[in-house]
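Heads up, the thing below is written out as structure tokens.
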Amino acid sequence: MAAPLANDRLLRALLRQPVDRTPVWIMRQAGRYLPEYRASRARAGSFLALCTTPELACEVTLQPLARFPLDAAILFSDILTIPHAMGVGLSFETGEGPRIARPVQSAADVAALPVPDPGRELRYVVDAVGLIRRELAGRVPLIGFAGSPWTVATYLVEGGSSRDFTRIKRLLYAEPATLHALLDKLVQATTLYLNAQSAAGAQALMLFDTWGGALTPAAYREFSLAYMQRIVAGLVREREGARVPVILFTKGGGAWLEAMAGSGADALGVDWTTDLATARQLTGGRVALQGNLDPGVLRAQPAVIRAEVLRVLQSYGRGPGHVFNLGHGIQPDIDPEHLGALIAAVQELSPVFHR
Ligand code: 1CP
């Protein structure tokens with residue numbers, strides 16, 4: 001069994017256990033806003049080379065922890081590793097989003113998609129998790145992750161990033177059985193993938209439902225939440241004698257937090273459009289909450305950042321069950337020192353909320 005964690009605040013907060021201060025980590029904490037990340041990516045040649053080479057994935061995972069006293073590491077990878085392993089021809093053009101060479105357009109395309117074996121096609125991720133756990137040596141926990149079936153399906157069907165989701169919405173309303181078959185396949189692939197990550201050492205797991213907010217309430221329940229719920233039900237929830245907490249994050253999902261709280265997840269990510277006080281009332285202590293500083297705040301000077309951090313802490317209020325984070329990922333042109341100011345503010349201002 002691995003050595004006990006020196007800092008288990010994140011895991012305790014996700015399980016709503018008392019902590020001395022609010023733990024903090026940042027979505028996309030390893031990435032383009034860090035000059036050392038840009039240097040690693042230049043050396044690797046591409047973003048995909050970083051993801052598929054365990055030593056490099058480990059190196060960039062640890063970069064933000066060398067700069068900042070963060071309470072967690074998150075595996076450096078992408079939600080599109082599953083499509084990559086399905087063989088649809090994934091590429092990332094610099095400065096642009098992901099591209100899928102052979103998008104999924106018909107029931108026959110869905111039927112032809114394989115369910116990747118994490119021990120083979122996604123072996124590089126499993127190996128990266130093991131390596132990162134070893135290098136972390138119990139300093140902080142490691143978060144593993146995947147995209148939600150709905151969000152990954154948007155990329156598979158649209159062939160890349162989308163604003164209007166025209167193709168997948170046509171499928172949803174005109175050919176729902178085809179979309180259900182695709183989502184079902186993604187549930188199988190994602191459940192295997194996340195269980196392989198926790199078996200390799202990931203101590204918490206997060207599902208990113210970045211585009212769930214593009215759905216109507218009824219479609220959200222049927223095409224996103226129901227499938228995330230199936231994944232949660234299929235996850236191994238105890239490893240190394242400890243519970244593996246699961247975090248669900250639907251961007252734009254503030255109106256559905258109550259339904260999400262019944263999904264079996266331990267914690268919910270909240271974006272900046274919902275007050276944590278409202279989120280806490282809606283979920284009634286059934287789950288922990290993670291969030292929700294507007295990433296745009298990091299464009300202001302440290303005094304403003306500090307005031308906005310305090311506002312988020314006050315919005316959640318006293319007691320356990322809060323993990324500090326942004327409401328979505330940090331943007332590539334943010335000054336790293338501003339992130340340092342955010343983390344320092346959480347450390348200084350949060351202890352009184354736990355006395
Ligand atoms: O270096 C580069 O040019 C690539 C930029 C980049 C990075 C740093 C991409 C391409 N992915 C990542 C890493 C990444 N992606 C992580 C790393 C761990 C960390 O947080 O430090 C994570 C968790 C993700 C997850 C991810 N990828 C999501 C869900 C979270 C979110 O931000 O909403 C999504 C939607 C993606 C798809 C994706 N991959 C990359 C980009 C630019 C995008 C978004 C494209 C779009 O907006 O549609």
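Note that these values count all heavy atoms, side chains included, but never hydrogens, waters or copies made by symmetry. Indexing begins at 1, ligand by ligand and atom by atom, following the structure's order.
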Test ring-ring contact (aromatic ring centres under 6.0 Å, His included) applied to F165 - qualifying residues, sequence neighbours left out: W211

Show me the side-chain donor-acceptor pairs of residues 72-82 shorter than 3.5 Å, one per line, residues at least two apart or across chains.
| unit_1 | atom_1 | unit_2 | atom_2 | d |
| --- | --- | --- | --- | --- |
| D78 | OD2 | L80 | N | 3.0 |
| T81 | OG1 | D78 | O | 3.2 |
| T81 | OG1 | Y193 | OH | 2.8 |

Salt bridge flag under 4.0 Å for residues D20 and R9: yes

Of V312, L293, D294, L326, which is the lone residue that meets side-chain contact (heavy atoms from CB on, under 4.5 Å) with W272? D294

Residue shell around ligand 1, heavy atom under 4.0 angstrom: M27, R28, Q29, A30, R32, Y37, R41, F47, I74, L75, F76, S77, D78, I79, F92, P98, F145, Y155, S161, F208, T210, W211, H328

Below 6.0 angstrom between ring centroids: does that apply to F208 and F145? yes

The complete set of salt bridge (charged side-chain N to carboxylate O under 4.0 Å, His left out) pairs with one or both residues in residues 333-355, sequence neighbours excluded, reads R299-D333, R306-E348

